[in-house]
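Here the structure is a predicted model, which is why all the values come from computation and not from measurement.
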Amino acid sequence: MRRPLIGGNWKMNTTLSDASVLATAVKNGVAELEGVEVVLFPPFVWLYPVFEIIEKGPSFLTLGAQNMHFLDEGAYTGEISPLMLKNMCQYVILGHSERRTYFNEKNELINDKVKSALHHGLSPVICLGEYKKEDKVEAKNDVFVQLKAVLKDIPKDLIKKAVLVYEPVWAIGTGKPASGVYAASMVLQMRQTLAKMYNLETASQIRILYGGSVTADNILEFTSQREIDGALVGGTSLKAKEFISICRQVAQATK
Ligand code: PGA
């Protein structure tokens with residue numbers, strides 16, 4: 001059984017006090033839940049304050065970073081290394097489309113980051129998605145080209161720690177999510193691709209989430225699909241009540 005995961009990607013939002021209030025609310029709001037894993041992805045500078053808050057919370061509530069450099073250390077002004085993250089974070093988002101679009105990150109670089117994260121015991125949360133909604137053929141090409149490239153040379157025993165996210169770029173921050181059925185069909189094909197790259201058993205152990213305009217009103221449309229193992233939530237993760245409701249609904253559905 002793959003345990004559902006709900007990630008809250010705060011992106012470049014929150015002041016220190018916003019971050020503390022939000023993390024405290026989530027910690028308290030999810031305390032009694034079972035059967036779900038919840039991961040907060042605050043901006044780098046709030047990782048430690050949020051770490052201190054959730055450390056006293058339930059063990060299924062953990063922390064992730066939104067990005068990282070692939071090297072351990074060096075003269076890379078402004079960058080954050082896996083060594084800085086590894087004792088605080090269990091997860092790190094890699095290959096988010098905003099990194100690709102605004103910071104020109106390419107598959108090769110993302111592949112280096114994925115390898116480095118796994119080497120350091122961090123679980124990469126790898127985002128994959130197509131840019132255009134209309135062209136289904138191109139959509140598939142984008143996603144599967146990305147998938148193969150970012151997982152290049154990653155062995156079977158390590159890949160199981162990774163989490164993939166199907167995030168159609170046209171659905172991110174637009175208020176126009178994919179349909180649950182369409183997302184599930186893409187996730188199924190991603191899993192089939194993993195089965196070809198590795199094997200069926202390995203592919204069936206890797207969690208694949210959906211991301212893109214997820215709200216408390218539509219979460220179950222995605223997680224009720226057998227193939228979809230949770231969600232990466234952006235905008236809605238900044239609203240404590242709604243984010244907690246998402247986590248609750250998913251936990252409830254596992255019963
Ligand atoms: P959104 O973002 O929920 O605001 O669409 C999702 C994401 O970028 O992970």
When hydrophobic residues are tied together by side-chain contacts of less than 4.5 Å, even through go-betweens, does [X] share a cluster with [Y]?
| X | Y | answer |
| --- | --- | --- |
| Leu164 | Ile228 | yes |
| Ile80 | Ile126 | yes |
| Phe243 | Phe222 | yes |
| Phe44 | Phe51 | yes |
| Met68 | Leu151 | yes |

Might you point out which heavy atoms bring [X] and [Y] nearest each other, and give the distance in Å?
| X | Y | value |
| --- | --- | --- |
| Leu220 | Ala253 | CD2-CB, 4.4 Å |
| Leu118 | Ala162 | CD2-N, 4.5 Å |
| Ser237 | Trp10 | OG-CD1, 3.4 Å |
| Cys89 | Leu122 | O-CD2, 3.2 Å |
| Gly212 | Glu167 | N-OE2, 4.1 Å |
| Pro124 | Lys161 | CD-O, 4.4 Å |

Side chains of [X] and [Y]: does their closest heavy-atom pair fall under 4.5 Å?
| X | Y | answer |
| --- | --- | --- |
| Asn111 | Ile154 | yes |
| Thr254 | Pro4 | yes |
| Val163 | Ile206 | no |
| Leu94 | Val125 | no |
| Tyr210 | Pro168 | yes |
| Pro58 | Leu33 | no |
| Leu40 | Val26 | yes |
| Ser213 | Ile172 | no |

Any carboxylate oxygen within less than 4.0 angstrom of a Lys/Arg side-chain nitrogen, looking at [X] and [Y]?
| X | Y | value |
| --- | --- | --- |
| Arg207 | Glu37 | yes |
| Asp112 | Lys106 | no |
| Glu105 | Lys113 | yes |

Would you say [X]'s side chain and [Y]'s backbone share a donor-acceptor pair under 3.5 angstrom?
| X | Y | result |
| --- | --- | --- |
| His96 | Glu98 | yes |
| Asp229 | Ile208 | yes |
| Trp46 | Thr14 | yes |
| Asn218 | Val214 | no |
| Asp18 | Thr15 | yes |
| Thr236 | Val233 | no |
| Thr193 | Gln189 | yes |
| Thr62 | Val39 | no |
| Thr202 | Tyr198 | no |
| Gln66 | Lys11 | yes |

Working to the nearest 0.5 angstrom, can you tell me the gap between [X] [atom1] and [Y] [atom2]?
| X | Y | atom1 | atom2 | value |
| --- | --- | --- | --- | --- |
| Met84 | Tyr48 | CE | OH | 16.0 Å |
| Gln205 | Leu194 | CD | CG | 11.5 Å |
| Gln146 | Ile110 | CD | CD1 | 7.5 Å |
| Leu188 | Glu227 | CG | CD | 4.5 Å |

Determine whether more than 12 heavy atoms belonging to other residues, nucleotides or ligands lie under 6.0 Å from atom [atom1] of [X].
| X | atom1 | value |
| --- | --- | --- |
| Glu73 | CD | no |
| Arg99 | CZ | yes |
| Leu200 | CG | no |

Exercise for review: For the pair Tyr91 and Phe41, name the ring-plane relationship: parallel under 30°, tilted 30 to 60°, perpendicular over 60°.
Suggested key: perpendicular

Check your understanding: Testing Asp217, Val36, Ile6 for side chain to side chain contact (heavy atoms under 4.5 Å, CB included) with Ile246, which one passes?
Key -> Ile6

Review point. Any side-chain donor paired with an acceptor under 3.5 Å for Gln225 and Tyr182?
Key: no

Exercise for review: Show your working on side-chain hydrogen bond (donor to acceptor under 3.5 Å, both in side chains) between Glu130 and Trp170 and close with a plain yes or no.
Suggested key: CA-CA 8 Å; Glu130 78 276 14; Trp170 46 267; 3.0 Å; yes

